[in-house]
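Quick note: numbers below take in every heavy atom, side chains included, and nothing from hydrogens, waters or symmetry partners. Quick note: residue numbers are just sequence positions, from 1.
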Amino acid sequence: MYDPLVDSTVCQQQPYPTSYWAAHTALKAQPLAVLSHDISTDVVVIGAGYTGLSCATELAAELGREVTVLEANQTAWGCSGRNAGFVLRGTGRLGLAQLAQRYGVDTAQQFHLEYGAALDRVQQMIAMGNIACQAQEAGYLKVAHNAALGKQLPQQADYLQQQFNYPVEYLSPEALRQQYMHNAQAFGAIRFPDCYGVNPLALAHGYADVAQQQGAQLYTGTPVLHWQRTAKGFVVQTPAANIKCNQIILATNAYTANGFYPQLNRASLPVLSSVIVTEPLSVQQLTDANLHHNQLVMDTRALKYYYRKLPDNRLLFGGRSAIYGKDAANPIYPARLLSALKRSFPMLQQLQLAYHWSGWVSVSLDDMPRLCQSEPGVFYAAGYCGSGVSFSSLAGKRLAQLASGVALPPLPIYHSGLKPFPLPQFRRVGQQAYYQWGRFKDRYL
Ligand SMILES: Cc1cc2nc3c(=O)[nH]c(=O)nc-3n(C[C@H](O)[C@H](O)[C@H](O)COP(=O)(O)OP(=O)(O)OC[C@H]3O[C@@H](n4cnc5c(N)ncnc54)[C@H](O)[C@@H]3O)c2cc1C
């Protein structure tokens, strides 16, 4: 598997991974639209995931800019076409209480509003394209995985209600069991009312349609190899053609190849996240597990598990995976996810695996993303830390605004680049150590 920390060029013209989404999404037959002749444009956006497509939409629709999106593989071949489809209110790895600790309550409240704007952006894109993305009923359960953490939930829910006017709901272990699931490893939950599940690949293809309807040009199978600054702007080089442009927006996120843009490379740790999807549950299995809802679920582990029931009654279950891309296909990883699922739902011992796939998420040094002008005429957004479906949609819009001179909200993540990792060559050693510590913490603390 392509490994952005190892490979110095992004893979190109690859098919989608063998995911549940690729197998169950009716996509228009779209041959690759490879750029084969030199062109000029105002803005080049590199990467056709949610960030790049939302950015292109804003540039074309609201800011009157001429924009060309270049994607090395297929539309949304990266994370955007292979994620778990959790449309969450947030990004990075810090919750609102942690944001308040780091930046103060006033700034945390601004973050909360901005995260709400990210949900609105997803809705706006869905409405613009009338996108059929199988949006499910709203609700996200943050589940305590041990009793000690479960006891802290009422206070946490109260804090969110009081400080953020966020109408979350505390669910005791018994209420959780009765109303939502017979999960042997759940000790209460907080329910967030405004998050929901979608088909992420359908959503991304809808974004691509919207961007193109608004006038953006999209070329797939067209990797950017590098670019040169000229007296008038930039010349961007692809295998078969060059593009003259005034600005470059990097929306390559975790899929940025090693050395492609060093200041982004050394500030992002690409981490593999893996997902399994089971065979459909029988009526009896659904009853035994009391899974009669489509709420999103994530637990409080350091090495989190997340899961949801899909419209056809399969369970999607995700978590951490291999450290290196070359190990991603090792069957040990889906087997571990399946056994974690069965430890939570011991009544589902007979459940079989149907799909497994992985993708790279960009983890930042301080657990928060950044969106910035990294040098004159060059912009990027990255570092969503595995929580980027809604935020990438807003980040694209904010990038377009930044590149067009529109002032952004005064949030710290919009006013500097990602911080470089110290000793970046040892990032994976650190990751290995973190996983060991996480396993220990999740089991014993
Ligand atoms: C398994 C998994 C599950 C996840 N689940 C969730 C979830 O449920 N909820 C959530 O909020 N987030 C989730 N995420 C994270 C979320 O999917 C990402 O944060 C989001 O999709 C990032 O979108 P993006 O547009 O920034 O990047 P991407 O979608 O990764 O797009 C980057 C694109 O850039 C292209 N590219 C790279 N280099 C070049 C180049 N040189 N030239 C041209 N193109 C290039 C790549 O081919 C790729 O298509 C998950 C991620 C994974 C891997």
Side-chain angles (χ1 to χ4, degrees), residues 1 17-21 23 82-86 141-150 173 176-177 180-189 197 271-282 284-291 293-310 312-361 386 431-445:
M1 183 184 193
T18 52
S19 72
Y20 169 82
W21 305 121
R82 62 176 83 196
N83 64 70
F86 285 42
L141 303 170
K142 180 182 147 194
V143 169
H145 73 281
N146 66 36
L149 284 168
L176 183 62
R177 192 179 153 73
Y180 292 107
M181 55 185 172
H182 296 163
N183 180 331
Q185 300 195 332
F187 296 81
V271 168
L272 270 178
S273 188
S274 258
V275 165
I276 58 169
V277 170
T278 68
E279 296 291 353
L281 274 66
S282 66
Q284 188 60 51
Q285 285 172 320
L286 291 170
T287 303
D288 291 346
N290 195 23
L291 281 169
H293 61 85
N294 293 102
Q295 305 284 288
L296 309 173
V297 188
M298 198 176 311
D299 68 25
T300 47
R301 288 178 166 87
L303 305 178
K304 294 189 189 329
Y305 293 122
Y306 49 90
Y307 43 99
R308 54 183 278 218
K309 182 159 67 75
L310 299 176
D312 58 1
N313 289 336
R314 298 166 189 266
L315 281 180
L316 176 155
F317 194 93
R320 288 290 177 241
S321 177
I323 302 244
Y324 291 91
K326 66 181 168 52
D327 300 324
N330 188 328
I332 193 174
Y333 296 105
R336 279 185 191 164
L337 288 174
L338 188 62
S339 70
L341 184 162
K342 290 179 180 179
R343 283 197 299 279
S344 289
F345 297 99
M347 66 294 288
L348 301 181
Q349 287 308 320
Q350 304 311 317
L351 203 54
Q352 300 287 320
L353 190 83
Y355 298 91
H356 166 244
W357 69 95
S358 309
W360 296 102
V361 303
Q431 187 186 351
Q432 237 143 3
Y434 178 78
Y435 280 8
Q436 277 173 3
W437 173 83
R439 273 191 284 272
F440 176 80
K441 178 171 185 276
D442 291 340
R443 186 168 298 182
Y444 301 111
L445 301 181

Enter the distance from Q285:CD to S282:OG here, rounded to the nearest 0.5 Å.
3.5 Å
List the residues meeting side chain to side chain contact (heavy atoms under 4.5 Å, CB included) with N294, not counting sequence neighbours, and say none if there are none.
Q136, E137, K309
Going by distance alone, is a donor N or O of one side chain under 3.5 Å from an acceptor N or O of the other, for Y444 and N146?
no
Closest heavy-atom pair and its distance - R308, F86:
CD-CE1, 3.4 Å
Verify, without hydrogens or angle tests, whether D442 (side chain) and A302 (backbone) share a donor-acceptor contact under 3.5 angstrom.
yes
Can you confirm whether T300 sits close enough to K142 that some side-chain heavy atom of one is under 4.5 Å from a side-chain heavy atom of the other?
yes
Gap separating the CG atom of L141 from the NE2 atom of H293, nearest 0.5 angstrom:
6.0 Å
Aromatic contact between W437 and Y434, with the criterion being ring centroids under 6.0 Å apart: yes or no?
yes
Does any non-hydrogen side-chain atom of L341 lie less than 4.5 Å from one of Y305?
no
Applied to residues 344-355, the side chain to side chain donor-acceptor pair (under 3.5 Å) test, sequence neighbours excluded, yields H24-Y355
Strictly by modelled atom types, are Q431 and R320 linked by a side-chain donor-acceptor pair under 3.5 Å?
no
So does D288 get a backbone contact from the side chain of H182, meaning a donor-acceptor N/O pair under 3.5 Å?
yes
Inter- and intrachain pairs under ring-ring contact (aromatic ring centres under 6.0 Å, His included), touching residues 323-350, at least two apart:
Y307-F345
